[in-house]
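These notes are about the structure you will find just below.
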Amino acid sequence: MEKIRIGIFGFGKTGKIIANEFLHDNLFTLEWVVRKGYEDHRKYASRLLGHECDAGEIFSIGDIDDNFFDTRPIDALIDFSGLTGLYLYEKAASAGIPIISAISQYEKEELDLLQSFAESAPVLYSPNITLGINVLLVAAQILQKIAPHADIEIVEEHFKGKKEVSGTAKKIAKALNLNVKEHLHSIRVGGIVGRHEIIFGMPNQTIRLLHESISRAAFGQGAIFAAKFLLGQPPGLYTMETVIADMFRKNIPVY
Ligand SMILES: NC(=O)C1=CN([C@@H]2O[C@H](COP(=O)(O)OP(=O)(O)OC[C@H]3O[C@@H](n4cnc5c(N)ncnc54)[C@H](O)[C@@H]3O)[C@@H](O)[C@H]2O)C=CC1
Ligand SMILES: O=C(O)C1=N[C@H](C(=O)O)C[C@H](O)C1
């Protein structure tokens with residue numbers, strides 16, 4: 001059976017782990033990786049990650065020209081780069097290539113552009129692509145309906161170097177109609193990969209919904225799940241929580 005060809009934007013803390021997860025999954029073949037600079041240019045991500053094969057040739061954003069996606073065809077594009085990565089793959093979207101954007105902090109301009117990609121390609125956008133956090137998101141909205149008068153606070157914890165507020169936490173706050181400035185608390189310590197807790201406070205009891213990303217491989221497994229789902233879908237904008245909620249309704253196990 002033909003393998004699913006993957007191209008990844010971003011080869012940083014998370015992109016490297018994502019590449020490794022796809023390299024370990026025989027359903028996929030890693031065609032290329034694009035990074036900002038020219039470090040390890042035209043080497044193979046597979047070799048840098050310790051694999052005995054040549055896969056995932058490394059390109060720089062400077063290599064992205066009008067022919068890049070024609071000469072290096074893929075079946076799905078995975079973006080773990082940064083705010084501006086999506087400006088480089090408009091041609092891929094126009095060609096109908098499925099896109100998984102995992103960028104956690106988009107401004108309105110980028111969100112509008114991503115929405116426009118969804119007119120010609122299936123696009124899944126997820127600021128946190130772990131299966132667990134998206135189950136938490138659905139569960140929190142259900143719990144809020146059950147206990148509409150509960151006090152709710154969100155605590156997000158990440159590694160010391162993460163400058164921005166968690167995009168995941170902002171998405172949870174928006175889903176629960178909470179004011180980010182008042183009800184979202186950020187902690188930056190050590191090497192925490194990602195921890196999100198939603199605390200529901202009631203007079204005589206507290207309910208805590210907690211998700212911890214123990215390894216960045218969780219994001220890789222989420223990206224693999226998303227890629228398998230997206231292939232064959234019609235153009236449109238998809239989210240992990242809607243996919244998971246739909247599978248729940250159809251009694252299809254997610255994990
Ligand atoms: N949706 C999710 O589940 C997750 C999302 N993220 C998000 O993924 C992004 C990357 O996270 P990290 O790997 O920790 O950051 P990082 O800073 O370690 O790596 C970013 C990588 O992207 C590259 N890059 C930057 N701009 C680019 C562009 N325009 N085109 C191509 N490559 C570009 C850089 O060279 C670097 O290789 C962040 O937005 C982060 O919030 C991270 C983890 C999980
Ligand atoms: O920067 C990260 O690492 C992560 N960013 C995302 C966020 O901002 O929500 C998701 C995850 O928590 C890890």
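Only this structure's heavy atoms are used, side chains among them; waters, hydrogens and symmetry mates stay out. In this chain, residues are counted from 1 in sequence order. In listed order, ligands and their atoms are each counted from 1.
Under the 3.5 Å distance criterion, with hydrogens and angles disregarded, no donor-acceptor pair is assigned to the side chains of E156 and H196. No side-chain donor-acceptor contact under 3.5 Å links Q221 and Y255. Under the 3.5 Å distance criterion, with hydrogens and angles disregarded, a donor-acceptor pair is assigned to the side chains of H51 and N20. Judged purely by distance below 3.5 Å, without hydrogens or angles, the side chains of N128 and H211 never pair a donor atom with an acceptor atom.
The atoms of ligand 1 that sit less than 4.0 Å from any heavy atom of R35 are 32 (N). Within ligand 1, counting atoms from 1 as listed, the ones closer than 4.0 Å to a heavy atom of S126 are 1 (N). Near F219, meaning under 4.0 Å from any of its heavy atoms, are these atoms of ligand 1: 3 (O), 43 (C), 44 (C).
When only non-hydrogen protein atoms are considered, atom 11 (O) of ligand 1 lies nearest to T14 OG1, 4.0 Å. The single protein non-hydrogen atom nearest to atom 16 (P) of ligand 1 is K13 NZ, 3.6 Å, given as residue, atom name and distance. Scanning all protein heavy atoms for the shortest distance to atom 27 (C) of ligand 1 gives S81 CB, 3.7 Å. Summary of contacts: the protein heavy atom closest to atom 2 (C) of ligand 1 is P127 O, 3.3 Å. Scanning all protein heavy atoms for the shortest distance to atom 9 (O) of ligand 2 gives T168 OG1, 2.5 Å. Of the protein's non-hydrogen atoms, the one nearest atom 3 (O) of ligand 2 is F159 CE2, 3.3 Å. Of the protein's heavy atoms, T84 OG1, 3.2 Å lies nearest to atom 29 (N) of ligand 1. What sits closest to atom 31 (C) of ligand 1 on the protein, heavy atoms only, is I61 CG2, 3.5 Å. Ranking protein heavy atoms by distance to atom 40 (C) of ligand 1, first place goes to S104 OG, 3.9 Å. Ranking the protein heavy atoms by distance from atom 5 (C) of ligand 1 puts A102 O, 2.9 Å first. Regarding atom 6 (C) of ligand 2, its nearest protein heavy-atom neighbour is S104 OG, 3.0 Å.
At a heavy-atom cutoff of 4.0 Å, ligand 1 is contacted by no atom of L83, backbone or side chain. Using a 4.0 Å cut-off between heavy atoms, A169 makes no contact with ligand 2 at all.
Backbone and side-chain nitrogen or oxygen atoms of H158 are examined, and one is located within less than 3.5 angstrom of a nitrogen or oxygen of ligand 2. Every N/O-N/O distance between E164 and ligand 2 stays at or above 3.5 Å. Residue F219 has no nitrogen or oxygen atom sitting less than 3.5 Å from a nitrogen or oxygen atom of ligand 2, judged on distance alone.
Applying the ring-ring contact (aromatic ring centres under 6.0 Å, His included) test to pairs two or more places apart or on separate chains, those with a residue in residues 213-250 are F229-Y238.
Salt bridge R72/E31: absent, no basic N to carboxylate O contact under 4.0 Å.
Taking the centre of each ring, F80 and F9 stay at or above the 6.0 Å mark. The six-membered or imidazole ring of Y125 lies near that of Y106, with a centre-to-centre distance under 6.0 Å.
Of all the listed residues (K162, E156, H211), K162 holds the heavy atom that lies closest to atom 8 (O) of ligand 2.
Taking CG from L30 and CG from D54, the interatomic distance works out to 11.5 Å, rounded to the nearest 0.5 Å.
Ligand 2 lies less than 4.0 angstrom from a heavy atom belonging to H196.
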